[in-house]
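Side chains are part of it too, since the values below use all heavy atoms of this structure and drop only hydrogens, waters and symmetry mates. Reminder, nothing fancy here: chain letters follow the sequence lines and each chain counts from 1.
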2 protein chains.
Amino acid sequence: MKYSKATNYALHTMMYLVASETNKPVGVQQLADKQDVSPTYLSKILTKLVKAGLIESASGAGGGYRLKGRREDVSFLEIIHAVEGTASLFDCCGNTHSQCAIHRVMLASEEAMEQKLRDTKMIELADALPRK
Amino acid sequence: MKYSKATNYALHTMMYLVASETNKPVGVQQLADKQDVSPTYLSKILTKLVKAGLIESASGAGGGYRLKGRREDVSFLEIIHAVEGTASLFDCCGNTHSQCAIHRVMLASEEAMEQKLRDTKMIELADALPRK
DNA sequence: CAATCGCGGACTTTATGTATCTATAATAGT
DNA sequence: ACTATTATAGATACATAAAGTCCGCGATTG
Ligand code: SF4
Ligand code: SF4
């Protein structure tokens, strides 16, 4: 029951992209250097963000990744869901019957966490990031 | 990033113990039957609950498990922490420095979930459980 | 064309979760 | 004291997921 490291990498990358002034594509090599991850692995993670519509990629020389939507809209939850998936943390016997009280409590608590993550946008704290 | 099945078993067992009228020890065999788990495996999980002080065990004939504290006090969070551990879901570079904004957000969201789990006591919904 | 760069699949390696088996220790009833 | 019962702990086996690598393909720039 932990976030995968991939989530960590995705969050840091997105934070960098949101905080960056320009809108030029940034190569995965450059992004990977800042977090000492192998570029190929980071690329695999960022592809998930592309498919989720958070960023877009440009192939070929001078290519890389850049934000797709408005930078003010990027929330923590979107990133986490793109990497970890949107399934519930609590998967019981399959039947998501709303009769079960245990199930309801677990879902409600999970929703409380997601609400906070949905409400917090990356741009809110992009300035607190140490200059790179 | 999912709760382990062990958490599920622990929650159901505790729910049963809280909902039960008597305070007599219940054998692991009986508890395991209700959830189709192997008794030895369930025993290993319940031992964690014992060490966490939630229940107590009685060896020997007529032994088993029973609640230790007051039945009104058992919260979801205690059980989950006993099984999954109390470590943060988001383990980054190790330094829990409060300067990092990302870290703060992740911890805050996690705390929101835990708050809900801490506030919800098992007894509140013990009656909603189907009679067994 | 040639160098650059993201994409995708296959693969290896760890780590964790799940589960069983067995031996040991403690207790109750006889 | 003896025996049946029951929790505990360790070893072991298996399954699944996470973490990371490798390589070839296709797209793009200059
Ligand atoms: S919590 Fe409810 S839905 Fe989930 S396994 Fe238990 S009874 Fe089924
Ligand atoms: S979130 Fe903050 S504390 Fe965690 S790894 Fe990133 S910089 Fe370090």
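- Proximity of residues 48-69 of chain A to DNA chain D (heavy atom under 4.0 angstrom from any strand atom) is restricted to A/Ser59, A/Gly60, A/Ala61.
- Contact record, B/Val18 with B/Arg71: O-NE, 3.1 Å, taken as the closest heavy-atom pair.
- Side-chain contact of B/Ser38 with B/Thr40: a donor-acceptor pair under 3.5 Å is present, judged by distance alone.
- Protein chain B contacts DNA chain D over a range whose 5' and 3' limits, counting nucleotides with an atom under 4.0 angstrom from a non-hydrogen atom, are D/dT5 to D/dA18.
- Between A/Ser43 and the phosphate of C/dG6, there is no side-chain N or O to OP1/OP2 separation shorter than 4.0 Å.
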Criterion salt bridge (Lys or Arg N to Asp or Glu O under 4.0 Å) on A/Lys116 and A/Glu111, from CA distance to verdict: CA-CA 9 Å; A/Lys116 257 229 184 309; A/Glu111 174 58 27; over 6 Å; no

Base-contact (B) and sugar-phosphate-only (S) positions in nucleotides 11-24 of chain C, heavy-atom cut-off under 4.0 Å, - elsewhere: ------SSBBB---

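- Each of B/Val83, B/Thr13, B/Leu67 was evaluated against B/Leu49; a single residue qualifies, B/Val83, per the side-chain contact (heavy atoms from CB on, under 4.5 Å) test.
- Within a 6.0 Å sphere centred on NZ of A/Lys68, other residues, nucleotides and ligands contribute 12 heavy atoms or fewer.
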Check against side chain to side chain contact (heavy atoms under 4.5 Å, CB included), A/Val26 and A/Tyr16: CA-CA 10 Å; A/Val26 184; A/Tyr16 176 81; 4.3 Å; yes

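- Taking CG of A/Leu11 as the start and CZ of A/Phe76 as the end, the distance is 6.0 Å to the nearest 0.5 Å.
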B/Glu114/B/Ile80 under side chain to side chain contact (heavy atoms under 4.5 Å, CB included): CA gap, chis, key distance, verdict: CA-CA 10 Å; B/Glu114 294 197 345; B/Ile80 293 173; over 6 Å; no

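- The distance between atom CG of A/Leu31 and atom C1' of C/dC5, rounded to the nearest whole Å, is 13 Å.
- Across A/Ala52 and A/Ala82, no two heavy atoms sit closer than the pair CB-CB, 3.6 Å.
- A/Glu56 and A/Arg66 are joined by a salt bridge, as a carboxylate oxygen and a charged side-chain nitrogen come within less than 4.0 angstrom of each other.
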